[in-house]
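Counting begins at 1 with the first residue of the sequence. In this text, all values refer to a predicted model and were calculated from it rather than measured experimentally.
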Amino acid sequence: MSSDWALDRPRPTDFVDPYFFFSNRGSSEVTYVSPSIQSVLGYDPRVFAGRSYEQFLCLGDPLNEDVPECQRAELGDGHRIHALRSVHDAEGKRRILSVYTVGVAQREGGPIVRRHNLARDVTASVQTYVRFKRRLDSLERAASRMSDQERDVAERIVQGKMNREIGRELQISDRTVERRRAAVMKHFDAATLPELISKLVQLDLLRTWTQSACDSQWRDARNSHLAMGEASD
């Protein structure tokens with residue numbers, strides 16, 4: 001059994017930046033950390049042995065509020081936890097990790113003796129999402145102020161249509177098109193037509209990006225709503 005236990009353990013070479021592996025027993029005592037933590041967070045993996053991983057968490061950070069709950073969670077029968085954690089790197093900077101945790105027993109059906117954790121640095125992805133979501137929210141507020149008639153004009157402006165063509169399609173006068181275009185520009189605080197077009201295109205692209213193009217792995221975490229909520233702070 002001991003040989004099987006050794007064969008089933010992850011190898012240090014299995015993990016490279018932006019991933020690292022660590023195991024713990026009890027609630028938080030670290031028993032092993034893969035060398036790749038040095039390239040991810042800047043720590044020598046040897047400093048973790050026998051210490052609590054809680055020492056490296058950012059105290060008071062909302063992303064860590066459910067740590068006690070997760071420590072008590074039963075991880076037998078294939079159950080796992082996926083959570084975001086806010087930690088300090090070796091330079092004291094805040095980093096956000098996406099951490100998958102599973103329970104490990106020495107024999108099938110036996111008690112859980114270790115927790116294996118696969119961590120990935122998703123700081124850049126979260127920061128990008130927050131930045132773009134804030135921009136999207138600002139543009140959405142501007143768009144919400146448009147009337148249906150103004151929205152019809154805005155859609156055709158993005159399509160590159162001129163006032164006269166827009167007027168023919170909507171069966172309105174050129175002057176009415178100009179008036180509605182001016183109203184749309186005011187809603188979006190655009191001084192020029194190119195600036196308005198740029199903002200309308202951004203609105204469409206950001207809607208698509210936040211729904212599908214963003215790195216979705218970390219957004220599956222149990223507490224990802226807290227990271228996404230930073231966009232509205």
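No donor-acceptor pair closer than 3.5 Å links the side chain of R156 to the backbone N or O of I166. Proximity of a side-chain donor or acceptor of S198 to a complementary backbone N or O of P194 within less than 3.5 Å is not detected. Judged purely by atom type and a 3.5 angstrom limit, S125 has no side-chain atom pairing as donor or acceptor with the backbone of V122. Of the possible polar contacts, none joining the S138 side chain to the R134 backbone as a donor-acceptor pair under 3.5 Å is found. Judged purely by atom type and a 3.5 angstrom limit, E74 uses its side chain to pair as donor or acceptor with the backbone of G76. A distance-only check finds no donor-acceptor pair linking the side chain of R207 to the backbone of E140 [under 3.5 Å]. Put simply, the side chain of S28 never gets that close to the backbone of Y53: no donor and acceptor are under 3.5 Å apart. Side-chain N or O atoms of T123 include one that pairs as donor or acceptor with a backbone N or O of I96 at under 3.5 Å. Using a distance-only test at 3.5 Å, with no hydrogens or angles considered, a donor-acceptor pair links the side chain of E150 to the main chain of S147. Judged purely by atom type and a 3.5 angstrom limit, N223 has no side-chain atom pairing as donor or acceptor with the backbone of A83.
In summary, of the residues considered (L139, L205, V158), a side-chain contact (heavy atoms from CB on, under 4.5 Å) with L200 occurs for V158 alone. Each of R180, M185, R181 was scored for a side-chain contact (heavy atoms from CB on, under 4.5 Å) with I157, with one residue passing: R181.
Going from atom CD of Q159 over to atom NZ of K161 covers 4.5 Å, rounded to the nearest 0.5 Å. Here S144 contributes atom OG and R151 contributes atom CZ; the two are 8.5 Å apart, rounded to the nearest 0.5 Å. The SG atom of C70 sits 10.0 Å away from the CG atom of N64 when rounded to the nearest 0.5 Å. Taking CG of D61 as the reference point, atom CG of L226 lies at 9.0 Å (rounded to 0.5 Å). Expressed to the nearest 0.5 Å, how far OG1 of T31 lies from CZ of R25 amounts to 6.5 Å. F22 CZ to L97 CG: the interatomic distance, rounded to the nearest 0.5 Å, is 8.0 Å.
Cluster annotation: V30 and V113 are assigned to distinct hydrophobic clusters (Ile/Leu/Val/Met/Phe/Trp/Tyr, side-chain heavy-atom contacts under 4.5 Å, transitive). Following chains of ILVMFWY side-chain contacts shorter than 4.5 Å, one cannot reach V67 starting from L75, and the two form parts of different hydrophobic clusters. In the hydrophobic cluster analysis, where Ile, Leu, Val, Met, Phe, Trp and Tyr join through side-chain heavy atoms closer than 4.5 angstrom, Y100 is grouped apart from F20. Transitive grouping of hydrophobic side chains (ILVMFWY, heavy atoms separated by less than 4.5 Å) brings V33 and V87 into a common cluster. L84 and V99 are not part of a single hydrophobic cluster, where members link through side-chain heavy atoms under 4.5 Å apart.
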From CA spacing to verdict: side chain to side chain donor-acceptor pair (under 3.5 Å), R94, S86 | CA-CA 7 Å; R94 179 183 184 246; S86 176; 3.0 Å; yes

Walk me through it: do R131 and R135 pass the test side chain to side chain contact (heavy atoms under 4.5 Å, CB included)?
-> CA-CA 6 Å; R131 184 172 67 253; R135 178 60 173 163; over 6 Å; no

Y32 and R114: side chain to side chain contact (heavy atoms under 4.5 Å, CB included), yes or no, with the steps?
-> CA-CA 10 Å; Y32 176 80; R114 292 286 190 279; over 6 Å; no

Starting from the C-alpha separation in whole Å, work towards a yes-or-no answer on side chain to side chain donor-acceptor pair (under 3.5 Å) for E54 and Q71.
-> CA-CA 11 Å; E54 293 184 43; Q71 289 173 334; 2.8 Å; yes

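Annotation: side chain to side chain contact (heavy atoms under 4.5 Å, CB included) contacts of Y19 (sequence neighbours excluded): L118, R120, Q217.
Closest non-hydrogen pair, V184 versus A154, comes out as CG1-CB, 4.2 Å. Considering all non-hydrogen atoms of both residues, H187 and R145 come closest at O-NH2, 3.0 Å. Pairing each heavy atom of W218 with each of S224, the nearest pair is O-CB, 3.5 Å. Considering all non-hydrogen atoms of both residues, L136 and L203 come closest at CD1-CD1, 3.8 Å. Residues G110 and A105 approach most closely at O-CB, 3.5 Å, considering heavy atoms.
Looking at K133 and D137, a side-chain N of the basic residue comes within less than 4.0 Å of a carboxylate O on the acidic one, giving a salt bridge. Ionic pairing of D66 and R85 is present here: one or more N-O contacts between side-chain nitrogen and carboxylate oxygen are shorter than 4.0 angstrom. Using a cutoff of 4.0 Å between basic side-chain nitrogens and carboxylate oxygens, K199 and E195 are scored as salt-bridged.
For F48 and Y43, the distance between ring centers is under 6.0 angstrom.
Looking at L170 and V177, their side chains never come closer than 4.5 Å, going by heavy atoms from C-beta outward.
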